[in-house]
Protein chains: 2
Amino acid sequence: MPRTTKDSVLNERALHLFKTLVERYIVDGQPVGSRTLARDAGLDVSPATVRHIMADLEAWGLIRSPHTSAGRMPTVQGYRLFVDTLLTLQELNANEVNRISSEFDCKQDVASLLQTASTMLSNITHLAGVVMLPRTEQKSLRRVEFMRLSGDQVLVILVVNDNEVQNRIIRTARPYSPAELQEAANYLNQSFSGKDLQSVRAAIVKEMQEVHADVNRMMQAVIEMAEKAFAADDRPHDYVLAGQTNLMEIADLSDLEKLKKLFEAFGQKRDILHLLDQAIQARGLQIFIGEESGYEVLDECSVVTSPYTVGDQVVGVLGVIGPTRMAYERVIPIVDVTAKVLGAALNSRH
Amino acid sequence: MPRTTKDSVLNERALHLFKTLVERYIVDGQPVGSRTLARDAGLDVSPATVRHIMADLEAWGLIRSPHTSAGRMPTVQGYRLFVDTLLTLQELNANEVNRISSEFDCKQDVASLLQTASTMLSNITHLAGVVMLPRTEQKSLRRVEFMRLSGDQVLVILVVNDNEVQNRIIRTARPYSPAELQEAANYLNQSFSGKDLQSVRAAIVKEMQEVHADVNRMMQAVIEMAEKAFAADDRPHDYVLAGQTNLMEIADLSDLEKLKKLFEAFGQKRDILHLLDQAIQARGLQIFIGEESGYEVLDECSVVTSPYTVGDQVVGVLGVIGPTRMAYERVIPIVDVTAKVLGAALNSRH
DNA sequence: ATTTAGCACTCTCGGCATGCGAGTGCAAAA
DNA sequence: TTTTGCACTCGCATGCCGAGAGTGCTAAAT
């Protein structure tokens, strides 16, 4: 009886051949034929045998050929298996890690740290690097200041976390005098300085509900403004992208049409942000291969991400975007290390 | 005697044919042959006559053919002549102008105004839009605030122009107490509130030179900090780019290699900024055609720019970047109007 | 039962000739 | 000065051919 479909088992040898095939395909991008594979695998079997096994692998959905009489290349499921169970990572040595972390040392502010991380990812991997802005949950209020602009507009300046300044413009129900504003600020600074921004907001909301008409005019002003000023800091997520142009010279994506769609997605940011949001939930290195991501523009891409932490809070995620045919064994450690180093750098500047 | 090179004169008819040729080339991108041109020009002459004239135009360096037996297309000099003296602009009607300016109405802050302008330019023209950030010369100080961070680091918060907040971190010669900082801020606010930032700086530098040892400790502190805090706001210029992807589907630039170089230049920002800087000097609508710009990456591109003003101060420049073969007669009015509308929008928010 | 060798078959790709269409330039006629 | 006629040049699409690479199947060998 011929080994038709899946009556065969994926034994050691088949997996070894599969792994060799993927590795080979990743380095030179050509579908791999039986002869090449037989030679590469170092197994001392004939191409004919390899052909049999390749037929099995194809039946298992791990490889496919673009057309008759071309070699085979991995399917998405194939990459998945490869990445999950067969990959031998090329860990970075201490030297390389040092070179990476030294890049961060001279940077001052958060923005340039992120920029550096993104650029570095793209430079080392020759792919596109992406770093999502940190969502700091812990923002401790250091000082608040109100300044009247015109009519009912008030400029609010919040100093948080020792060295970060936020400012927003709010509209108030009625115009307040500078004196009133000063007093309101004083009250808030006294009561809440050093407190977490979230809890300040909570306290204010609570106070709003408790005190009704029996509150004096001043207190009303304070509460009204504070409520608006501390409204959740929900500016949309954002990311820093570097080295998109690297993707332009990758043969797999050379279809201008697709490339354009991809670049537009980078510009829109929406889809990419959704994906990064998913990745951040995962609390660990995450790999999206081809269509797995669920976004059509990323059909021919893989995304390798890792969250980065400050303290032990996950605050953001970074990674690289490249063709499905990427050197995972190199890229994964790089993303991993970069996330750790960025986390450390952010931590020390805190 | 045959009309060999430049013994012929560029008469009315020759110019008319040339103009027709350019217009035709701009719409369909194909080299224009004598037959087509004879038909298009509406002149009732035979293709042969047109051929003679085309030979003249070629001798004058206005057109060239990519190879024997292809039609002719404009040279850079040809475009220059066309743009300078032959172009019939397609002015926008009031309706379109309104549609443009209404886009700006709902925007709050400067950043989103610029973003809107850039996006709009790219949407209307189907090219890349670029808007340089305004360099406001007139920054009147409204309020200054110092806040001690750690050791010799001081956070400076400057409120300028009614609603813009700048903050910088400076290092001082010695640690100052909160009280000292407060006093310094008070002094500066009293003396300089409402003054222009430049002149504040000048006054401080002057004071530094005049008063030496006979100044009290307090005054020294004030001067030291102020000098640093008001150091010229020389963050590098920057711009907002939109619709780069439009450039990807333009046949003229379909060379991936060139396109990559161009996109990298967009990322680096350096060359583009230099060019915009030149454009801002020019005080008026400016067109760089192909190699005229002097930047190799822009060899196959044209850039149409116009400065925009607040009050009657030129504060920035905006424009579009596209292939040399662009619809100048449409693009020029669009850039022009957008610059005016953006200026007006910035003005009203001032 | 597995592995190997042999073989016919399929598909891609580069090179090559060919013909067509578009356009030119020149010389002679109008 | 303009037009006509004509020979000539390219670029480009088409079709053909052969080389190369790889497959699947069958039959033989281990």
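These numbers were taken from a predicted model, which means no experiment stands behind them. Naming convention: chains lettered A, B, ... in sequence-line order (proteins, then strands); numbering from 1 in each chain. Just the heavy atoms: all of them, side chains too, but no hydrogens, waters or symmetry mates, feed the values below.
For A:F263 and B:F263, the gap between ring centers is short of 6.0 Å.
One atom, CG of B:L57, and another, P of C:dT24, lie 12 Å apart when rounded to the nearest Å. In this structure, A:I53 places its CD1 atom 13 Å from C1' of C:dT4, rounding to the nearest Å. Look at CZ on B:R72: it is 17 Å from P on C:dA22, rounded to the nearest Å. At whole-Å resolution of the value, CG in B:L21 and C1' in C:dT24 are 15 Å apart. Taking atom NE2 of residue A:H52 and atom C1' of nucleotide C:dG6, one finds them 13 Å apart after rounding to whole Å. Between A:M54 atom CE and D:dC25 atom P the separation is 15 Å, expressed in whole Å. Atom-to-atom, CZ of A:R64 to C1' of D:dG22 comes out at 16 Å; the value is rounded to the nearest Å. Straight-line distance from the CD atom of B:E58 to the C1' atom of C:dT24: 10 Å, rounded to whole Å.
Classification of the B:H274-B:Y295 ring pair by plane angle, with boundaries at 30° and 60°, yields tilted. Ring orientation note: the planes of A:Y79 and A:Y328 are tilted relative to one another, at an angle of 30° to 60°.
Within residues 25-50 of chain A, the residues approaching DNA chain C are A:V45, A:S46, A:A48, A:T49, by heavy-atom distance under 4.0 Å.
Salt bridge B:K260/A:E249: present, at least one basic N to carboxylate O contact under 4.0 Å. Residues B:R80 and B:E292 are paired through a salt bridge, judged by an N-O separation under 4.0 Å between the basic side chain and the carboxylate.
Nearest heavy atoms, B:R24 versus B:D40: NH1-OD2, 3.0 Å.
Atom CG in B:L89 sits 5.5 Å away from atom CD in B:E91 (nearest 0.5 Å). The structure places CG of A:L259 at 10.5 Å from OG1 of B:T245, a figure rounded to the nearest 0.5 Å.
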Strictly under 3.5 Å: I want the nitrogen or oxygen pairs between protein and nucleotides 6-9 of chain D, one per line.
residue : atom : partner : partner atom : Å
D:dT9   : O2   : B:S69   : OG           : 3.2

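A side chain to side chain contact (heavy atoms under 4.5 Å, CB included) with A:L21 holds for exactly one of A:L37, A:L62, A:T36; it is A:L37.
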